[in-house]
Amino acid sequence: MSAPDMELKAAFAELQSKVVENKQKMKLHDLQIESLKRNITHSTLTDTEIAQLPKDTKVYESVGRMFLLSDIENVRSGLNKKTEGLKEKIHVLNGNKEYLDRQVKEQENNLRELITAKK
């Protein structure tokens with residue numbers, strides 16, 4: 001094989017590995033987003049159940065391996081903060097996923113150009 005052929009082969013392998021790596025990152029982001037959405041659903045359901053309780057009901061909030069006696073408003077505000085934080089994380093992950101998608105498309109175009117240049 002000639003030197004240009006080896007260079008093309010190396011460039012092709014490098015681009016192909018980057019595409020595979022970015023696609024794996026995108027799948028990981030999808031899994032993380034699904035997990036965060038489940039957490040949001042759990043928090044929302046907990047909030048709706050707590051909202052139905054009388055105001056003077058004693059509730060316990062999970063803190064690590066223990067439970068603290070708290071009032072309903074504190075628990076609900078904590079759940080709302082948690083939900084907002086999760087939504088922000090989902091927004092960031094979606095932005096990263098879009099960036100990775102653009103990179104994958106660009107790298108696939110570069111692979112096509114390499115293949116057409118090789119012919």
Side-chain angles (χ1 to χ4, degrees):
M1 284 189 175
S2 65
D5 259 359
M6 292 301 289
E7 289 175 11
L8 278 175
K9 190 173 184 178
F12 181 79
E14 181 182 343
L15 278 174
Q16 195 172 25
S17 68
K18 285 182 182 178
V19 167
V20 169
E21 181 182 334
N22 284 339
K23 284 185 178 181
Q24 287 175 344
K25 286 180 183 178
M26 286 175 59
K27 285 181 185 177
L28 180 65
H29 281 29
D30 282 336
L31 291 173
Q32 289 174 337
I33 288 170
E34 289 304 314
S35 174
L36 293 173
K37 284 181 180 178
R38 279 193 298 275
N39 287 342
I40 287 174
T41 304
H42 182 267
S43 294
T44 305
L45 288 172
T46 304
D47 187 47
T48 55
E49 289 298 319
I50 289 176
Q52 296 174 3
L53 297 173
K55 293 288 183 198
D56 59 342
T57 305
K58 293 182 180 179
V59 291
Y60 292 89
E61 190 171 8
S62 172
V63 179
R65 294 176 61 177
M66 66 180 189
F67 296 94
L68 294 177
L69 183 61
S70 183
D71 62 343
I72 290 177
E73 292 306 313
N74 285 343
V75 173
R76 290 189 73 197
S77 68
L79 287 171
N80 288 335
K81 287 179 187 174
K82 180 181 175 183
T83 302
E84 291 304 315
L86 292 172
K87 286 179 182 177
E88 181 63 31
K89 286 181 184 179
I90 288 175
H91 180 70
V92 168
L93 285 172
N94 278 329
N96 290 346
K97 192 175 145 191
E98 289 172 9
Y99 172 74
L100 287 172
D101 189 40
R102 285 193 305 268
Q103 272 191 330
V104 165
K105 287 179 182 175
E106 182 180 322
Q107 289 165 349
E108 286 175 346
N109 287 337
N110 290 343
L111 281 172
R112 285 189 195 97
E113 288 176 13
L114 270 177
I115 291 171
T116 57
K118 193 174 183 180
K119 289 181 180 179

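The first residue of the sequence shown is numbered 1, and numbering continues consecutively from there.
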- Message: Minimum heavy-atom separation for Arg112 and Asn109, please, with both atom names.
- Response: NH1-OD1, 2.9 Å
- Task: May I ask you to list the residues sharing a hydrophobic cluster with Val63, side-chain cutoff 4.5 Å, ordered by chain and number?
- Result: Met66, Leu68
- Query: Quick one: CD1 on Ile50 to CG on Leu45, what's the gap to the nearest 0.5 Å?
  - Reply: 11.0 Å
- Task: For residues Lys25 and Glu21, determine if any side-chain heavy atom of one lies less than 4.5 Å from a side-chain heavy atom of the other.
- Result: yes
- Rounded to the nearest 0.5 Å, how far apart are CD of Glu108 and CD of Gln16? 10.5 Å
- Side-chain heavy atoms of Lys23 within contact of Val19, under 4.5 Å: yes
- In this structure, CD of Glu84 is separated from OG of Ser43 (nearest 0.5 Å) by 11.0 Å
- Item | Distance, nearest 0.5 Å, that separates CG of Leu15 from CD of Glu113 | 10.0 Å
- Do Lys27 and Gln24 pass the side-chain contact (heavy atoms from CB on, under 4.5 Å) test, and can you show the C-alpha distance, the side-chain angles, and the key distance before you say yes or no? CA-CA 5 Å; Lys27 285 181 185 177; Gln24 287 175 344; 5.7 Å; no
- Message: Keeping Thr44 on the side-chain end and Ile40 on the backbone end, is there a donor-acceptor pair under 3.5 Å?
- Response: yes
- Query: Rounded to the nearest 0.5 Å, what separation is found between the CD1 atom of Ile33 and the CE atom of Met26?
  - Reply: 10.0 Å
- Message: I'd like to know if Glu106 and Lys18 make a salt bridge, using a cut-off of under 4.0 Å between side-chain N and carboxylate O.
- Response: no
Sequence neighbours left out, cut at 3.5 Å: what donor-acceptor pairs do the side chains of residues 52-62 make with other protein atoms?
| unit_1 | atom_1 | unit_2 | atom_2 | d |
| --- | --- | --- | --- | --- |
| Lys55 | NZ | Glu73 | OE2 | 3.3 |
| Thr57 | OG1 | Pro54 | O | 2.9 |

What donor-acceptor contacts under 3.5 angstrom involve side-chain atoms of residues 90-104, with partners at least two apart or in another chain?
| unit_1 | atom_1 | unit_2 | atom_2 | d |
| --- | --- | --- | --- | --- |
| Asn94 | ND2 | Ile90 | O | 3.4 |
| Lys97 | NZ | Asp30 | OD1 | 2.5 |
| Tyr99 | OH | Gln103 | NE2 | 3.0 |
| Gln103 | OE1 | Asn22 | ND2 | 3.4 |

- Please examine the side chains of Thr83 and Asp47, heavy atoms only from C-beta on, and report whether any two atoms are closer than 4.5 Å. no
- Message: Distance check, rounded to the nearest 0.5 Å: Ser17 atom OG versus Gln107 atom CD?
- Response: 8.5 Å
- Side chain to side chain, Lys37 and Glu34, heavy atoms closer than 4.5 Å: yes
